[in-house]
Structures are given as C-alpha cells and as structure tokens.
Amino acid sequence: MGTFSIWHWLIVLLIVVLVFGTKKLRNIGQDLGGAVRGFKEGLKEGDTAAAGTPPPQVTMQEGSVIEGEVHEKAANGPGKSV
C-alpha cells in the first residue's frame with residue numbers, strides 16, 4: 001500500500017466514519033452502486049442496439065463515386081453541426 005501501513009488506513013477510515021456517520025456513508029455507497037449499475041446497463045443496451053443493425057457493406061471500385069446522406073446527431077443539440 002505504498003508508504004502508508006494498514007494502521008494509517010484504519011485511522012483514516014475511523015475518522016471518515018466519525019465525521020460522516022455510517023448512515024450517510026451507506027447512502028453514498030448505494031447511490032454509487034446504482035450509478036455504476038445504470039452505466040453498465042446503458043453499455044449493454046448500446047451494444048445490443050449496435051449489434052441489431054449491421055454496418056453497410058461498401059465495395060470500392062476505381063473511379064467510383066460514393067453517394068450518401070449526412071445526418072446530424074441528436075446528442076449535438078439543435079443548431080450544432082457535425
């Protein structure tokens with residue numbers, strides 16, 4: 001644990017518990033756990049959404065022109081270009 005021994009960390013933990021109290025620390029832990037859980041679920045939803053739509057197959061030939069449409073991302077907000 002670097003330059004600090006286990007006793008240093010136990011004293012720091014004791015001071016934190018005395019300052020914040022166990023109830024507040026438990027609530028902070030639950031909030032943090034819920035945020036991490038939500039983040040993981042969001043990543044899984046993004047993976048399944050990306051897996052559901054296969055990327056378009058593009059084959060290039062010499063001298064060919066690629067045509068397509070440009071769409072603005074909703075995350076950028078109105079008035080902002082990509």
Side-chain angles (χ1 to χ4, degrees):
M1 286 197 188
T3 59
F4 296 108
S5 70
I6 189 71
W7 294 109
H8 290 110
W9 290 114
L10 288 175
I11 291 171
V12 169
L13 179 65
L14 179 66
I15 291 171
V16 168
V17 168
L18 289 174
V19 169
F20 292 108
T22 57
K23 186 175 181 181
K24 186 163 185 125
L25 289 175
R26 181 178 26 207
N27 290 341
I28 291 172
Q30 288 174 346
D31 292 342
L32 182 63
V36 170
R37 194 174 311 117
F39 180 74
K40 286 182 180 180
E41 289 175 3
L43 286 178
K44 287 180 185 177
E45 289 175 5
D47 288 343
T48 57
T53 57
Q57 298 294 324
V58 177
T59 57
M60 292 292 298
Q61 297 177 359
E62 191 173 328
S64 64
V65 178
I66 299 175
E67 294 183 19
E69 296 179 16
V70 176
H71 297 280
E72 236 182 276
K73 292 185 178 180
N76 290 337
K80 296 182 180 177
S81 61
V82 179

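Because the structure is predicted, anything quoted here is derived from the model rather than measured.
Taking hydrophobic clusters as Ile, Leu, Val, Met, Phe, Trp and Tyr residues chained together by side-chain heavy-atom distances below 4.5 Å, W9 does not share a cluster with V16. Under the 4.5 Å side-chain heavy-atom criterion for Ile, Leu, Val, Met, Phe, Trp and Tyr, V19 and I11 are members of the same hydrophobic cluster.
Residues forming a side chain to side chain contact (heavy atoms under 4.5 Å, CB included) with L14 (at least two apart in sequence, or on another chain): L18. Residues passing the side chain to side chain contact (heavy atoms under 4.5 Å, CB included) test with I28 are K24, sequence neighbours excluded. Taking the side chain to side chain contact (heavy atoms under 4.5 Å, CB included) definition, one finds that K23 meets it with R26, N27, sequence neighbours left out.
Atoms CZ and CG, from R37 and L32 in turn, are 10.0 Å apart once rounded to the nearest 0.5 Å.
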